[in-house]
Trainee: 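Quick one: the structure is below, questions incoming.
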Amino acid sequence: MTTDTDGTPHQDRERHELCLVLLLLTVVVGLLITAAAIYVARMHPALAEPLGVGAAVLSALAGVAGVIGRALRR
């Protein structure tokens, strides 16, 4: 019987769990920011246009960061 003393399956599982936790945390923070932007836009209609511009810029930055991250992983 052979045993693996390297421990790589355990490290992979921990890394997978860490990635899942970070993903869920990112989703929660994104939802909180979205809810705050919606609240501000409804309570202060004059800020709706600047919030829209800010959201467009942030989504463009997220897209660029995704492309750069994918390019770096290759």
Side-chain angles (χ1 to χ4, degrees):
M1 181 188 299
T2 61
T3 58
D4 186 17
T5 58
D6 192 15
T8 54
H10 181 66
Q11 290 174 350
D12 288 342
R13 186 179 318 125
E14 285 181 357
R15 184 167 187 245
H16 185 288
E17 289 175 358
L18 178 63
C19 288
L20 181 62
V21 168
L22 287 176
L23 177 66
L24 292 175
L25 181 63
T26 304
V27 168
V28 168
V29 170
L31 288 174
L32 285 173
I33 291 171
T34 303
I38 290 170
Y39 172 78
V40 169
R42 289 190 52 88
M43 292 297 130
H44 305 285
L47 295 176
E49 188 175 336
L51 284 174
V53 172
V57 169
L58 284 177
S59 64
L61 288 175
V64 169
V67 169
I68 291 172
R70 184 173 290 171
L72 289 176
R73 280 188 289 210
R74 289 183 184 188

Trainee: Hydrophobic side-chain clustering at under 4.5 Å (ILVMFWY, transitive links): who's grouped with Val29? Put none if nobody.
Mentor: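 Traced through the cluster, Val29 reaches Leu25, Ile33.
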Trainee: Less than 4.5 Å apart, side chain to side chain, heavy atoms only: is that true for Leu24 and Val28?
Mentor: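 With C-beta onward as the side chain, the pair stays apart.
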Trainee: Let me check something: any side-chain donor-acceptor pairs from residues 39-57 under 3.5 Å, sequence neighbours excluded? List them with distances.
Mentor:
none

Trainee: With sequence neighbours excluded, what pairs up with Ile68 under the side-chain contact (heavy atoms from CB on, under 4.5 Å) test?
Mentor: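 Per chain and number, Ile68 pairs via side-chain contact (heavy atoms from CB on, under 4.5 Å) with Val64, Leu72.
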